[in-house]
Undergrad: 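Below is the structure I would like to discuss, written out as structure tokens.
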Amino acid sequence: MSRDRFLSDAARVAGWIADYRERLPDLPVLARTEPGATAARLPAAPPEGPQPLEAILADLDAVIVPGLTHWNHPGFFAYFSSSSADPGVFAEFVAAALNVNAILWRTGPAATELEGRMMEWMRRFVGLPEGFHGVIQDTASSASFTALVAARERALPGTRDEGLAATGASARPVVYQSDQAHSSIDKAAVAGGIGLANVRHVPSDGRFRMRPEALEEAIRIDREGGRTPVMVTATIGTTSSTSVDPVEAIADVCAAHGIWLHVDAAYAGPAASLPELRPLFRGWERADSIVLNPHKWMMTPVDCSVLLFRDPEAFRASLALTPEYLRAEEAASNLSDIGLPLGRRFRALKLWFLFRWYGADGLRSILRRHVEMARAFRDWVERDPRFETAAPAPFSTVCFRAVPPEGGGPEDAWNRRLLAAVNARGRVFLSHTVLDGRFTLRLAIGSAWVREEDVTAARSELETVFEDMTTKGADAC
Ligand code: PLP
């Protein structure tokens, strides 16, 4: 492709993106499609000949966009936000063009070193002390798995070479997390050979925080039973309610028993950059490993998950493996030594663009605005007798429920219906969880695109549907 052709085609793609972004607020945020509908519109076989860019872009509009749930839509309040701010999109474009694969330092010297420096920037941004190193992983799931494998090797040395069987049944490894921890930690235990039966879901308190005394007790019982505690995961910002485990007390338990402490701050981590929220992170500086996801609450396009850790050797001892064809003479560390994949995308570029585009202070202002928007929404929930909060909201996510009117029927059914009807209208998309056995609505803020008016729209959508359900009956809505 000539330079001129590249420039004009790239401009067409950029134009398509700009147009998409402009009409995004008018599209239904949650896809209005059925399973199989998009596949049915796609040819079964690839075209034999080349097709023009216009045809591809036309099909993006005709076939793909109608089948999308729009994560960048300003009314996307479901799960945790994952949005792509412009600098992240530009960085992805450049990364794809460079196509550097930093499996070894020599295959991507600048990529390896930029990643190291971005980990240092991230450490400073979230206020962690010196002594933390890091690598970028695709997801928090991979990061927590990598931490678990390092913790397993530390607790049961030689497992890497001999396998778990060699450690003997009596050394049965166990891991601990609260009953609110994300399923990725359970999955890490599955993939890491620990087994779900050996995952202790330590009970949480009335505010969904792990009870450290219950953790201590579980460890005592396991130790007496001849088991080997491998890792404790504390969560700062749990998935359901964004509760914060008492990390300081958990760190004390881990220190007393010599157990690896992993902190899952996949969602909330970037908020540690705000001095006013920093107290919520107390104790995380004592962790052996920490995961936080710029691709959640830091507007970085998926995928970009940061794994920070104190002891690089613990990770190398568990996963580094260098076949002859990858041996190199340089005295440099290789990113592929920490984690499962050998090949890797140039993800550090996204953080570099993002940090420079906004500046640390600019990023803090955006996060602070999200927190303020969530507080305003929570205040409205607390004031409006038709709704009630379901959990504390320390960050930018509010858990709440509708209170059915007299004769409105069971609370769970009312809330389910309300959520389905609000989401079907297309202006906003909220998701749910279950807290204390009760169906709970969640509104999570954190997008590059969210505006005050979108949070107001969420309120009025909830109010409108609530009133409709009250006057017409829940089943009619
Ligand atoms: N940890 C927490 C607390 C989460 O909320 C999530 C996802 O929402 C994850 C881990 C998993 O993140 P990922 O999709 O990056 O694996």
Side-chain angles (χ1 to χ4, degrees), residues 69 71 76-84 88 122 126 134-149 175-192 199 201-202 204 208-210 231-245 247 250 261-272 280-281 284 287 289-308 339-341 344-345 347 350-351 370 374 391 393-399 429-435 440 442-447:
T69 291
W71 284 71
F76 189 105
F77 295 112
Y79 315 112
F80 284 133
S81 166
S82 182
S83 65
S84 59
M122 188 58 90
V126 298
V135 289
I136 301 179
Q137 306 276 325
D138 54 0
T139 58
S141 305
S142 300
S144 291
F145 167 75
T146 306
L148 177 64
V149 175
V175 296
Y176 306 82
Q177 62 221 36
S178 93
D179 54 14
Q180 300 294 311
H182 190 261
S183 57
S184 57
I185 314 293
D186 298 78
K187 212 181 229 187
V190 173
V199 177
H201 294 107
V202 178
S204 49
F208 313 108
R209 304 170 298 192
M210 189 198 284
M231 182 170 95
V232 174
T233 300
T235 308
I236 300 180
T238 57
T239 311
S240 276
S241 73
T242 71
S243 61
V244 177
D245 285 337
V247 183
I250 294 169
L261 173 60
H262 178 60
V263 170
D264 180 356
Y267 151 67
L280 296 168
F281 293 79
W284 79 328
S289 51
I290 297 174
V291 60
L292 58 102
N293 273 4
H295 76 220
K296 286 192 177 15
W297 195 8
M298 218 172 115
M299 301 169 302
T300 309
V302 270
D303 50 6
C304 186
S305 179
V306 168
L307 174 63
L308 298 171
L340 201 54
R344 50 184 20 253
R345 304 187 328 102
R347 299 188 188 92
K350 290 189 269 197
L351 292 180
H370 292 160
F395 300 107
S396 64
T397 300
V398 182
C399 293
F429 176 29
L430 277 67
S431 60
H432 80 278
T433 188
V434 171
L435 292 174
T440 303
R442 285 169 83 264
L443 176 122
I445 298 176
S447 164

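Whatever order the structure lists them in is the order used to number ligands and atoms, beginning at 1.
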Undergrad: Please identify which atoms of ligand 1 are closer than 4.0 Å to at least one heavy atom of Ala266.
TA: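 Those of ligand 1 that fall under 4.0 Å from Ala266 are 1 (N), 2 (C), 10 (C).
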Undergrad: Determine whether the side chain, the backbone, both or neither of Tyr79 has a heavy atom under 4.0 Å from any heavy atom of ligand 1.
TA: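 Neither; nothing of Tyr79 gets under 4.0 Å from ligand 1.
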Undergrad: Could you list which atoms of ligand 1 come closer than 4.0 Å to a heavy atom of His295?
TA: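 Counting atoms of ligand 1 from 1, those under 4.0 Å from His295 are 15 (O).
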Undergrad: Indicate the atoms forming the closest heavy-atom contact of Val244 with Arg209, along with that distance.
TA: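 Val244 and Arg209 have their closest heavy atoms at O-CG, 3.1 Å.
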Undergrad: Under the side chain to side chain donor-acceptor pair (under 3.5 Å) rule, what do Ser289 and His262 come out as? Steps first, then yes or no, please.
TA: CA-CA 5 Å; Ser289 51; His262 178 60; 2.8 Å; yes
Undergrad: Students should be able to answer this: which protein heavy-atom is nearest to atom 16 (O) of ligand 1, and at what distance?
TA: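 Heavy-atom neighbour on the protein nearest atom 16 (O) of ligand 1: Ser141 OG, 2.5 Å.
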Undergrad: Identify, by atom number and element, the atoms of ligand 1 in contact range of Ser184, meaning under 4.0 Å from any of its heavy atoms.
TA: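 Ligand 1 atoms under the 4.0 Å threshold to Ser184: 10 (C).
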Undergrad: Just by distance, no angles: are the side chains of Ser81 and Ser447 close enough, under 3.5 Å, to form a donor-acceptor pair?
TA: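 Their side chains do not contain a donor-acceptor pair, so the 3.5 Å distance test is not met.
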Undergrad: Select one of side chain, backbone, both or neither to describe which atoms of Asn293 lie under 4.0 Å from any atom of ligand 1, heavy atoms only.
TA: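 It is the side chain that touches ligand 1; the backbone stays farther off.
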Undergrad: What is the nearest protein non-hydrogen atom to atom 11 (C) of ligand 1, stated with its residue, atom name and distance?
TA: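 Of every protein heavy atom, His182 CE1, 3.3 Å lies nearest to atom 11 (C) of ligand 1.
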Undergrad: Looking only at distance, does Thr238 have an N or O less than 3.5 Å from an N or O of ligand 1?
TA: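 So ligand 1 has no N or O lying under 3.5 Å from an N or O of Thr238.
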Undergrad: Mind listing the closest non-hydrogen atom pair of Leu292 and Pro294 along with its distance?
TA: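 Residues Leu292 and Pro294, closest heavy atoms: O-CD, 3.2 Å.
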Undergrad: What is the nearest protein non-hydrogen atom to atom 5 (O) of ligand 1, stated with its residue, atom name and distance?
TA: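 Looking only at protein heavy atoms, the one closest to atom 5 (O) of ligand 1 is Thr239 OG1, 2.8 Å.
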Undergrad: Quick one, Thr238 with Tyr267, criterion side chain to side chain donor-acceptor pair (under 3.5 Å). Give me CA distance, side-chain angles, the key distance, then yes/no.
TA: CA-CA 8 Å; Thr238 57; Tyr267 151 67; over 6 Å; no
Undergrad: Once rounded to the nearest 0.5 Å, what's the spacing between atom NE2 of His432 and atom SG of Cys399?
TA: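 So the gap between those two atoms works out to 11.5 Å.
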Undergrad: Within the structure, does Tyr267 bring an N/O atom to less than 3.5 angstrom of an N/O atom in ligand 1?
TA: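 No; every N/O pair is 3.5 Å or more apart.
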Undergrad: How far is atom 14 (O) of ligand 1 from its nearest protein heavy atom, and which residue and atom name does that atom have?
TA: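 I find the closest protein heavy atom is Lys296 NZ, 3.8 Å.
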Undergrad: What I want to check is whether the side chains of Asp245 and Gln180 have a donor and an acceptor closer together than 3.5 Å.
TA: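 Per modelled atom types, Asp245 and Gln180 side chains form no pair under 3.5 Å.
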Undergrad: Any N or O of Ala140 that comes nearer than 3.5 Å to an N or O of ligand 1?
TA: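 Among all N and O atoms of Ala140, at least one is under 3.5 Å from an N or O of ligand 1.
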Undergrad: Any heavy atom of Gly237 closer to ligand 1 than 4.0 angstrom?
TA: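 Flag set, Gly237 near ligand 1.
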Undergrad: Any idea which protein heavy atom is nearest atom 1 (N) of ligand 1, and the distance to it?
TA: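 Checked against all protein heavy atoms, atom 1 (N) of ligand 1 sits closest to Asp264 OD2, 2.6 Å.
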Undergrad: Can you see which heavy atom on His295 is nearest to which on Ser305, and at what distance?
TA: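 Closest approach of His295 to Ser305: ND1-N, 4.4 Å.
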Undergrad: Does a salt bridge link Arg345 with Asp303, judged by any charged N lying under 4.0 Å from a carboxylate O?
TA: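 Salt bridge between Arg345 and Asp303, a charged N being under 4.0 Å from a carboxylate O: yes.
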Undergrad: What orientation do Trp71 and Tyr79 show, parallel under 30°, tilted 30 to 60°, or perpendicular over 60°?
TA: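 Rings of Trp71 and Tyr79: parallel, as their planes differ by under 30°.
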Undergrad: Just jot down the ligand 1 atoms closer than 4.0 angstrom to any heavy atom of Phe80, in number order.
TA: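 With Phe80 as reference, the close atoms of ligand 1 come out as 5 (O), 8 (O).
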